[in-house]
Every structure is written in structure tokens, then in C-alpha cells.
Amino acid sequence: MTLHTLTIHETHNLLKKKSFSAEELTESLLKRIEKVEPAVKAYITLTPEQALNEARNADRMISRGEMTPLTGIPLAIKDIISTKGTITTCASKILENYLPIYDATVLGKLKAAGAITLGKANMDEFAMGSSTENSYFGPSKNPWDLTTIPGGSSGGSAAAVAADECLGSLGTDTGGSIRQPATFCGVVGLKPTYGRVSRFGLIAFGSSLDQIGPLTKDVHDAALLMNVSAGYDPKDSTSVDIDAPDYTSFLKETLADITIGVPKEYFIEGIDPDVEISADKAIKVMESLGANIVKISLPHTEYALPVYYLIAPAEASSNLARYDGVKYGYRSPNDANLITMYKRTRSEGFGTEVKRRIMLGTYALSAGYYDAYYKKASQVRTLIKTDFEKAFRKCDVILTPTSPTPAFKIGEKIADPLQMYLSDVFTIPGNLAGIPAISIPCGFSRSGLPIGLQIMARHFAEGNLFQTAYAYEKSTEWHLKKPNL
Ligand code: GLN
């Protein structure tokens with residue numbers, strides 16, 4: 001049996017039946033990693049010994065009858081999520097040697113459920129980017145075509161799932177960083193409602209936007225990871241104290257009770273024709289499953305990108321002020337005095353895109369410009385949020401393409417930041433509004449690259465996402481296709 005190709009729910013049933021042990025499963029995944037990782041480069045750090053220890057622990061849990069749906073399941077964790085005792089770099093030179101002394105809340109929960117960590121997944125430095133090309137450790141490759149990028153910033157997390165180098169992974173999404181790489185790699189990616197999953201132990205980028213979420217091989221697996229990840233955490237003041245439901249209870253094969261809104265602002269000029277065709281076909285499939293389709297409008301959509309590129313860099317410039325060479329992380333050896341030490345540490349420690357964001361953000365927050373930029377952007381953010389509130393009076397979920405194009409070539413957009421920013425034009429509004437959104441596979445381009453469909457819902461209505469995504473997935477086969485590695 002090829003164990004690494006299994007989904008989490010399939011694996012759970014087989015572990016339960018004792019068809020194989022968690023240790024055998026982990027060994028099989030480590031072999032798979034050995035084989036394909038030199039080509040894919042999904043991981044920054046691998047922790048094989050720790051994984052095997054955790055697997056043996058999981059086997060003991062299983063034999064004691066303490067099994068949960070995640071017991072013995074090997075996962076990849078984006079390298080922006082703190083892991084006690086394992087280097088957490090954020091794909092930056094400035095944190096190259098940073099060893100967290102605590103686990104992020106989410107990781108603690110996964111561990112308590114018996115999940116196994118195989119390693120830390122590659123990403124764009126500090127999650128700024130859409131391709132993983134901003135990683136200090138070099139880019140990951142898209143398993144469907146090794147000359148293209150896997151998306152970003154959670155590109156390593158997505159590539160690891162697509163290449164069967166783990167059974168599922170955690171990513172983070174500030175402006176699309178779970179959904180866009182999920183799309184490019186042909187896997188499922190969910191950004192939960194802001195406040196649904198604890199950010200404690202997540203290295204901050206844009207604190208009012210960041211969320212941790214799952215990347216998986218199918219929708220059922222995403223529900224299983226959400227069941228453990230979601231919930232209130234007193235250690236994160238923005239986490240919300242609302243009970244999380246059992247997300248698997250929404251996995252139904254009908255859409256008879258669902259109204260789907262299709263916003264005209266997302267089917268615009270410049271969108272790749274293959275993407276448009278796939279999204280149109282998906283809408284027809286939803287209709288055949290009983291969904292009521294309505295046309296809606298989100299009139300402030302065109303402002304989302306400029307608003308995001310003021311708010312996210314502003315928050316980043318404040319969050320990244322802590323990397324000064326004093327408390328932890330990289331310190332320049334050329335530290336003649338305190339001021340030159342700060343300057344050199346930050347000049348040498350941060351990459352180009354991170355520096356660009358810090359400069360943009362510092363400018364937008366500076367005296368005399370705050371009202372014109374940050375404050376104005378925050379006001380327009382409210383208009384974008386209100387667009388969604390109005391739309392959700394007419395529908396339960398909103399359906400759009402996840403990204404305007406399929407994956408692009410390595411190097412294609414790296415010299416043109418604006419082109420790079422545009423690949424998140426459809427995912428950013430969801431972060432600004434704080435609503436949940438999922439991306440699921442819905443087709444392939446003529447050149448054989450995966451295409452994804454985005455579904456968005458009201459705050460805390462992840463259940464509607466799971467129902468819509470699951471019903472669609474059950475009647476299509478896109479999620480079953482595998483890259484040829
Ligand atoms: N690509 C967007 C950016 O560069 C979003 C990143 C993210 O969601 N972390 O900011």
C-alpha cells in the first residue's frame with residue numbers, strides 16, 4: 001500500500017483497524033520526502049527523529065484507546081508558527097537561528113490530539129509575497145511543473161501536500177497566503193474567520209489580518225484540522241469566545257438550502273480565460289446540486305488592493321520593529337555602536353521585499369501622512385466590509401476564482417512587485433473583511449496547471465463553506481488528480 005498518498009480521514013480508518021502503525025506511516029512519508037524533496041524544496045527544516053518519536057507516542061495512544069481523528073497523522077507546519085525546540089525562521093536571515101521556547105497554541109492542540117510534525121515548511125520571508133521566491137532559503141517548486149512557483153506565502157505548505165510529502169499542513173493567510181498557493185498546487189486551503197483560530201505563537205505580519213488555517217488533500221481533511229485548531233484562546237486577545245462546531249457535520253452532498261452569490265467585480269478583464277471557464281463550469285455544477293445562484297455586487301472591490309498595501313505594511317512596520325539585534329535573532333557582527341548595530345542588523349537581516357514593506361508602512365504611519373494614508377485606508381476597509389454584509393443578505397456564500405491566473409514561472413514577476421501583488425486581488429478583500437474563505441480545486445489550465453475556486457461566507461459561517469465545498473468536491477474529480485513527480 002502507498003501510504004503517503006492517503007488522505008487524513010482514510011489514514012485514520014486504517015490506523016484504527018491497525019492496517020499499519022503510525023511509525024510505519026511516518027517512515028513511508030520520510031521516504032517520500034527523501035525522494036521528491038530535492039526537486040520540490042517544500043521544507044526549510046525537517047525533524048525526522050522527532051517525527052518518529054511522536055509516531056511511537058501516537059501508536060501508544062492508539063493502543064491505549066485514546067485515538068483522535070488526528071492521532072498519528074504526519075503534518076507540515078509553516079515556518080512562521082512557533083515550535084518549541086525547533087528552529088523557526090520565518091524564512092528570514094534575521095531569524096535564522098531563532099529557537100522558540102514555547103509552542104504556538106494551535107501546535108499545542110495538534111500535538112495533544114496526537115498529530116506528528118515532519119518539519120517546517122518554506123514560505124516567503126515574514127509571509128510577504130505570493131511565490132516563495134522571497135524566502136531567504138530559496139524558492140519551493142510547484143509539484144505540477146517544477147519550473148513554476150507553488151504560490152505564496154504558504155508555498156511550502158501547499159507544495160508539501162500536493163507532492164504527498166505530508167498528509168496535511170498549516171499555513172497562514174494575511175492577504176491570500178493559504179488560498180492562492182492551495183489553488184496553484186491543486187489542494188484545498190481554508191482561511192478561517194479572523195479570531196476563529198488562535199494567533200498565539202504565530203509570528204506577526206499584519207495583526208488585524210493574519211489567520212492560521214489548514215491545507216489538505218480534500219475538504220473532509222480540512223474540517224478535521226479545523227476541529228482541532230478552532231476555538232477561543234485567552235492568550236490571544238483577538239480570538240473570539242464562540243464555541244466551534246463539529247465541522248464534519250456540515251459535509252453534506254446537497255446544496256438545496258444554499259444561495260450562492262456571484263459578484264460581477266470578480267469576473268474582470270485580465271483574468272485568464274481558462275480560469276474564467278473553470279469558474280463558470282463550477283457555478284453550473286453548484287446549480288445542478290440544487291444551489292440557488294444570484295448575481296451580486298461588491299462595489300468597493302477595486303480599492304481592496306491599495307487598502308491592503310497600506311494597512312498590511314503599516315502593521316508589518318510596527319511588528320517588525322522588534323528585530324533589532326538585541327533581544328534575539330541575527331545581530332550584525334559590524335556593531336561599532338548601538339545605532340550602527342541596529343542599522344546593519346536590519347540592513348543585513350531583512351530581504352528586499354520586507355524592507356520595501358517596512359518603508360511603505362513607516363511612511364504611511366508617519367506624522368502628517370497618517371490621516372491621508374492609514375486612516376483613509378481604514379475607512380475604505382469599512383466600506384469593503386459593508387459590501388460583504390450587504391451581499392450576505394442576499395446569499396449564504398460568495399463564489400469567485402481564487403486567483404486571476406494559474407501558477408506563473410519562477411522569476412516571471414519577481415522584478416515587478418505590482419504584478420506580484422495583483423495575484424492576490426481576489427483573496428485580499430476576505431482578509432480586510434475578516435470573513436472565512438476556502439479554495440478548492442476546480443479544473444486545470446490548457447498547460448496542465450491546477451485552477452482553484454474561492455468560496456467566501458459570513459463571519460464564523462465556516463460550516464457553509466464546508467457544505468458548499470464538500471458537495472462540489474463529491475461530484476467532481478479534480479481533487480483526486482496527482483502531479484507526476
Ligand atoms: N501576497 C500577499 C502579500 O504579499 C499576501 C501574503 C499573505 O497572505 N501572508 O502581502
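As the structure lists them, so they are numbered: ligands from 1, and atoms in each ligand from 1.
Lys41 and Thr132 are not linked by any side-chain donor-acceptor pair at a separation below 3.5 angstrom, with hydrogens and angles left out of the test.
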Identify each donor-acceptor pair in which a side-chain atom of residues 232-243 lies under 3.5 Å from a protein atom, sequence neighbours left out, and give them as a table.
unit_1	atom_1	unit_2	atom_2	d
Asp233	OD1	Lys235	N	3.0
Asp233	OD2	Thr105	OG1	2.6
Asp233	OD2	Ser198	OG	2.6
Asp236	OD1	Thr238	N	2.8
Asp236	OD1	Thr238	OG1	2.7
Asp236	OD2	Arg199	N	2.8
Thr238	OG1	Tyr194	OH	3.4
Thr238	OG1	Arg199	NE	3.4
Thr238	OG1	Arg199	NH2	2.7
Ser239	OG	Asp233	N	2.8
Ser239	OG	Asp233	O	3.3

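Within 4.0 Å of ligand 1, protein heavy atoms come from Ala127, Met128, Gly129, Ser130, Ser153, Asp173, Thr174, Gly175, Gly176, Ser177, Phe205, Tyr308, Tyr309, Arg357, Asp424.
Listed by chain and number, the residues in a side-chain contact (heavy atoms from CB on, under 4.5 Å) with Thr248 are His220, Ala223, Leu224, Asn227, Asp246, Leu251 (sequence neighbours excluded). Scored by the ring-ring contact (aromatic ring centres under 6.0 Å, His included) test, His459 finds no partners at all (sequence neighbours excluded).
For OH of Tyr303, the number of neighbouring non-hydrogen atoms (other residues, nucleotides, ligands) closer than 6.0 Å is 12 at most.
Ion pairing between a basic and an acidic side chain is recognised when a charged N comes within 4.0 Å of a carboxylate O; Lys84 and Asp103 show no such pairing.
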